[in-house]
Amino acid sequence: MLTTTLIAGLVLGGTYALVAMGLTIQYGIARTMNLAYGETIIAAAFGAYLIHNTLGVSPILGLVLLAPAGFAFSWIVYGLLMRPLVRRSKGGAVLEIDSILATFGLLFVIQGVMLVGFGGNYISYNYMNFGVDIFGATVAANRLLAFVLALVIGGGLYLLLTRTRWGTALRAVSVAPESAPLVGIDADRAARFGFALGGALAACGGVVVSMYQTFTASSGVIFTMKALIVVIMGGVGNLAGALSAGLILGLVETFVASYVSPGLTLAAVYLIFLAILLWRPTGLFGKARR
Amino acid sequence: MKTIIGFAVAAIAFGLLALAPFYLDAYGIGLLIGMTGYVTLASAWGLFSGRTGYVSLATVAFFGIGAYAVAALNETLPYPVILLVAAGIGLVVALIVGLATLRLAGVYFVIFTFGLAELIRQLVTWFETTVTGTLGRYIFLPLGPEHIYWQLLALCAVTLLITWWVDRSRLGMALRVIADDEVVASHIGIDIARTKIALFVISAVLITLVGAIQAPRWTYVEPAIVFNPTVSFLTLIMALLGGAARLWGPALGAIPLFILFEWLSANFPNHYSILLGLLFIVIVFLLPRGVVGLLERLRAPSAPLDQAAGTSAPAQGKAASQEVRG
């Protein structure tokens with residue numbers, strides 16, 4: 001029981017970490033709070049469902065298609081929706097309010113499109129639904145695969161951002177958007193790229209989620225919510241923070257669901273959030289603000 | 001003098017509106033209830049969010065608390081006491097949210113309110129299924145639609161009066177300074193957190209009461225009905241269209257949009273939320289300060305730009321300046 005819960009918690013946490021990494025990149029580099037983030041995740045989940053059920057193709061191959069689609073979609077959204085707002089507000093607080101409002105509208109648009117296309121029912125599909133024995137506990141193979149995928153994608157991204165010149169440029173924009181242009185970094189392009197990269201990660205997260213969880217057209221809000229909490233817990237723009245905070249959140253949620261009550265998972269998430277707000281608002285790994 | 005005339009006109013308008021149920025059929029009264037409800041919601045939302053720049057996405061959390069409190073208590077307590085209890089619960093929840101988030105930057109508040117309705121919905125559902133064993137409740141109160149309408153109209157008047165008073169009081173002055181520059185505000189001795197929390201609590205209690213008063217319209221209530229996220233969304237659009245930072249702004253946005261939404265939901269039930277979302281994005285793009293803000297700018301074209309922005313747009317104040325690390 002304990003091992004099973006622990007593994008289930010790690011699987012869920014891995015997904016949260018992956019999803020939150022995308023959001024922390026969008027928020028950290030592009031400086032826009034994207035409330036429609038969860039809708040991108042669910043749209044990709046629907047995409048994986050379609051690819052698996054109509055074409056009979058494995059969701060892993062679907063990833064090859066859906067991750068670039070998520071990238072392209074977010075690229076376009078940034079160009080059409082965010083860039084005019086960035087230009088108008090010249091950065092700072094006004095941009096944050098405008099981006100919150102605009103993506104809040106976008107949330108309803110994407111959700112509406114999915115409701116029209118797929119209806120409001122719970123959806124899932126059968127993929128690698130057999131048990132694997134790990135440390136004496138039986139775990140569904142699709143969950144295991146989901147965890148491995150989350151690790152590979154998240155780890156790859158981490159290396160990309162910390163080890164390459166290009167990743168360093170992105171992080172430079174995140175740390176000092178005003179100074180980045182002084183060393184020849186195109187901050188506008190970096191912002192758009194960061195936003196699109198976040199969208200690609202959201203799509204990956206959606207595919208991973210769809211492999212082992214049921215979802216509906218309206219589950220996006222909860223994902224956005226949890227991703228935001230993970231981002232705050234880990235510290236905005238902090239990839240390693242998002243990774244560990246995601247794992248913590250997944251573990252806590254799974255333990256509450258199996259030992260207390262499945263109806264209280266969101267309450268547990270909020271309790272953690274409240275503790276973070278009261279204790280370390282800059283995140284578990286954030287430096288204290290002056 | 002101008003104030004007295006304004007009050008007289010408003011009093012006459014409210015008096016005439018109060019007479020409306022005598023001349024309308026049931027459908028007409030139903031429309032008026034919905035419209036008055038949204039005018040009140042949007043005005044109460046603007047009272048806090050329009051004046052502080054902290055975007056609250058939790059309107060339906062408080063609305064639902066009010067409605068569900070009435071549903072849960074309607075067989076055990078007299079009606080006025082239920083309203084008081086509902087307002088009390090709204091107050092306590094608003095205090096918790098405010099104390100936890102309003103001392104920090106705006107993002108924390110936005111994130112907290114974003115999931116608040118879902119949290120409370122799940123908590124109520126959990127409580128009802130595991131403790132009381134019933135999900136869904138009936139409301140049997142001897143209230144006709146006209147009684148609900150008069151109560152809402154009174155609440156609407158109270159909301160506008162509070163807003164008018166806040167704009168002229170020390171609290172309102174403090175808010176204007178905070179909206180312009182929080183650093184300056186704290187240097188001249190304004191307790192920023194307390195001011196914001198006080199205003200948020202007032203706004204939340206008003207929203208809770210709208211939910212409580214409207215609840216008997218449903219007869220049957222369950223968490224999924226009263227915690228419908230569309231309510232938060234509609235309130236937000238209405239207040240923004242009219243101009244959230246002005247006394248009459250939210251009302252000005254709520255009335256035409258309510259009629260539009262009624263028409264849309266009747267004619268395009270499947271594409272309703274897509275159209276709403278698109279409309280909302282258009283409003284954010286074209287009318288960032290609302291209709292009232294636009295009118296003010298058109299009337300004073302010679303005013304210096306930054307000054308006009310400073311006075312007509314506290315709603316565009318500040319959300320968060322969160323430090324970002326790589």
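All values below were derived from every heavy atom in this structure, side-chain atoms included, with hydrogens, water molecules and symmetry-related copies excluded. Within every chain, numbering begins at 1; the chains are lettered A, B, ... in the order of the sequence lines, protein sequences first and strands thereafter. Quick caveat, the model's predicted, so the values are computed rather than measured.
- Using a 4.5 Å cut-off between heavy atoms, B:L236 touches chain A through its side chain atoms alone.
- When heavy atoms are compared at a cutoff of 4.5 Å, B:L116 approaches chain A by way of both its backbone and its side chain.
- Separating the CG atom in A:L228 from the CZ atom in B:F114 is a distance of 7.0 Å, to the nearest 0.5 Å.
- Residues B:F233 and A:L107 form no side-chain contact, since every pair of their non-hydrogen atoms from C-beta on lies 4.5 Å or further apart.
- Side chains of A:L264 and B:Q122 form no contact here, defined as non-hydrogen atoms less than 4.5 Å apart.
- Taken from CE in A:M225 to OG1 in B:T113, the straight-line distance is 8.5 Å, to the nearest 0.5 Å.
- Note that OH of B:Y108 is 12.5 Å distant from CD1 of A:I229, once rounded to the nearest 0.5 Å.
- Looking at A:F104, both its backbone and its side chain come within 4.5 Å of chain B, counting heavy atoms on both sides.
- Counting non-hydrogen atoms of other residues, nucleotides and ligands closer than 6.0 Å to OH of A:Y259 gives a total above 12.
- How far CZ of B:R103 is from CG of A:L277: 9.0 Å, rounded to the nearest 0.5 Å.
- Residue A:V116 touches chain B through its side chain alone, counting heavy-atom pairs closer than 4.5 Å.
- Residues B:T230 and A:F108 share a closest heavy-atom pair of CA-CE2, 4.5 Å.
- Residue B:F127: no heavy atom, backbone or side chain, is found under 4.5 Å from chain A.
- For A:I276, no part sits under 4.5 Å from any heavy atom of chain B, backbone or side chain.
- Put simply, the side chain of B:V55 does not reach to within 4.5 Å of the side chain of A:M33, judged on heavy atoms.
- Heavy atoms of B:F285 lying under 4.5 Å from chain A belong to its backbone as well as its side chain.
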Take B:E118 and A:I222, measure what side chain to side chain contact (heavy atoms under 4.5 Å, CB included) needs, and give me the verdict at the end.
CA-CA 8 Å; B:E118 184 63 23; A:I222 293 296; 3.1 Å; yes

Please evaluate residues A:L106 and B:F280 with respect to the criterion side chain to side chain contact (heavy atoms under 4.5 Å, CB included), reporting the C-alpha separation (whole Å), side-chain torsions for both, the decisive distance (0.1 Å), and the verdict.
CA-CA 9 Å; A:L106 186 66; B:F280 184 56; over 6 Å; no

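- Atoms OH and CD1, on B:Y54 and A:I100 in that order, are 11.0 Å from each other to the nearest 0.5 Å.
- A 6.0 Å sphere centred on CZ of A:F255 holds more than 12 heavy atoms belonging to other residues, nucleotides or ligands.
- Across B:I120, B:L119, B:L123, a single residue satisfies side-chain contact (heavy atoms from CB on, under 4.5 Å) together with A:L266, and that is B:L119.
- Considering only heavy-atom pairs separated by less than 4.5 Å from chain A, the leading option among B:T101, B:L57, B:V282, B:I283 is B:L57.
- Between A:Y270 and B:F112, a ring centre-to-centre spacing shorter than 6.0 Å is recorded.
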Decide side chain to side chain contact (heavy atoms under 4.5 Å, CB included) for B:I281 and A:L101; before the verdict, give the C-alpha distance in whole Å, the side-chain angles of both, and the deciding distance to 0.1 Å.
CA-CA 8 Å; B:I281 293 173; A:L101 294 175; over 6 Å; no

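- Counting heavy-atom pairs under 4.5 Å between each of A:G105, A:A267, A:P84 and chain B puts A:G105 at the top.
- Residues B:S273 and A:G112 approach most closely at OG-CA, 3.1 Å, considering heavy atoms.
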